[in-house]
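Structure, as structure tokens:
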Amino acid sequence: MVDYEDFQEMSNERSKSQDVNDDMREQAREQIYFVEKEDGQWEPQIIQRMNGKPRYTDDRCNPILDSICGEIEDNDFAVKISPASGSASKETAETFEGLIRNIENISSAALIYSAMSRMMVTSSMSGVELEQDFIDGDSFDQDLFIKEIPDFHNRVWFDQASIKQDNGDARFVFVDEYITKEEYKSKFPEGNLASVGSNIRNEAYYDKPDVITISRCYYKMPRQIDIVEFSNGAVYRDDEKLVMMMDELMEMGITETRRRTRDSHRVYQRYMDASGWLTESEETVFEILPVFGCYANYKVVDGKAIMRGAIAKAMDQQRVHNMAFSREVEEVVLSPR
């Protein structure tokens with residue numbers, strides 16, 4: 001089992017996750033640069049060989065992405081909960097649906113889903129995070145919020161052994177955060193301003209903010225939970241809430257019929273930089289990791305998770321088309337009237 005208190009061991013696990021995903025992340029960057037960066041549809045080696053000759057981009061890929069993403073955005077995604085067994089009922093299911101709709105409304109989830117799906121279609125990967133926070137600055141009430149994770153392909157590193165499409169089998173996940181040096185010194189006065197490592201090989205953009213990269217580590221600690229079934233078919237956890245309900249259940253003539261122990265988890269979080277832990281372990285309200293990956297054309301081949309975006313197979317055709325189109329324009333311009 002991984003020792004989550006050992007900084008060096010956790011730092012090594014993060015590096016392993018980067019190494020295992022290095023090729024997929026590099027492909028994701030290439031696909032993003034291809035559709036977003038100026039001259040991204042031209043290979044640098046070809047640009048050098050053209051010696052200043054005119055080059056043009058007749059973009060056939062962005063319209064494909066716009067078409068796919070437009071269809072996704074036109075669909076109204078909604079969670080449907082159906083009662084299954086035990087104490088489940090139609091009323092309870094409707095209550096959960098209402099709670100989920102509220103979480104989506106206060107999170108502006110429609111915009112998040114739209115941005116997430118566009119990045120997934122483009123680069124093959126994106127993701128979201130579930131966060132517990134105060135409803136607003138002047139409130140003591142807390143709620144759950146859905147948060148987008150921008151720059152997912154450069155910031156999120158799941159357990160290297162995870163192969164489920166939503167990373168539900170991961171034991172831990174690292175989410176990198178970019179903060180200014182002033183903010184770092186304010187929050188972590190004893191820190192060393194040491195950014196965690198990145199696996200970006202080539203910088204596509206150079207005029208970027210001067211920031212420190214720290215990493216927030218979520219990890220699951222195993223625990224056991226007792227569950228109890230009662231004569232009315234309802235199933236409850238054996239915790240403080242059940243103790244408070246016992247007198248009421250007994251008055252109704254409802255008795256315990258059986259119980260068993262099941263495995264569960266509690267998720268903790270902790271901040272780190274390249275030199276050590278920045279905070280102590282903090283228990284969260286979650287039993288599963290609150291970070292979820294979303295991948296396009298996902299497959300597991302030879303024990304490795306692979307994915308690709310919508311234009312991955314069209315990139316070479318687009319590059320050839322751009323070269324032929326530029327040559328055609330050049331010949332037309334230089335030809336006699």
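The analysis underlying the following values was restricted to heavy atoms, covering all of them including side chains, and did not include hydrogens, waters or symmetry mates.
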Problem - Steps toward salt bridge (charged side-chain N to carboxylate O under 4.0 Å, His left out) verdict (Arg270, Glu5) - result: CA-CA 10 Å; Arg270 196 172 190 180; Glu5 297 297 323; 3.0 Å; yes
Completion exercise
Residues passing the side-chain contact (heavy atoms from CB on, under 4.5 Å) test with Arg262, sequence neighbours excluded, are Ile225, Ile227, Arg237, Arg260, Ser264, Glu287
Handout entry: Test side-chain contact (heavy atoms from CB on, under 4.5 Å) applied to Lys208 - qualifying residues, sequence neighbours left out
Key =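 In terms of side-chain contact (heavy atoms from CB on, under 4.5 Å), with neighbours along the sequence ignored, Lys208 is linked to Glu203, Tyr205.
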Would a distance-only check, ignoring hydrogens and angles, find a side-chain to backbone donor-acceptor pair under 3.5 Å from [X] to [Y]?
| X | Y | result |
| --- | --- | --- |
| Ser326 | Arg55 | no |
| Gln31 | Gln27 | yes |
| Ser198 | Ile200 | yes |

Practice task
May I ask you to decide if the ring planes of Phe188 and Tyr184 are parallel, tilted or perpendicular, using 30° and 60° as cut-offs?
Solution key: perpendicular
Handout entry: Parallel, tilted or perpendicular: rings of Phe158 and Phe152 (30°, 60°)
Key = tilted
Problem - Co-membership, hydrophobic cluster, residues Phe174 and Tyr271, 4.5 Å side-chain - result: no
Practice task
Run the ring-centre check on Phe172 versus Tyr218 and record whether the distance is less than 6.0 Å.
Solution key: no
Practice task
Return yes when atom CZ of Arg259 has more than 12 non-hydrogen atoms of other residues, nucleotides or ligands closer than 6.0 Å, and no otherwise.
Solution key: yes
Practice task
Decide if atom CZ of Arg49 counts as having more than 12 heavy atoms of other residues, nucleotides or ligands within a radius under 6.0 Å.
Solution key: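 12 or below, so no.
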Practice task
Might you work through the side chain to side chain contact (heavy atoms under 4.5 Å, CB included) test for Phe145 and Ile103, ending with a clear yes or no?
Solution key: CA-CA 6 Å; Phe145 295 85; Ile103 292 171; 5.9 Å; no
Exercise for the section: Could you name each residue pair satisfying salt bridge (charged side-chain N to carboxylate O under 4.0 Å, His left out) that touches residues 293-304, not counting sequence neighbours? Expected result: Asp23-Lys304
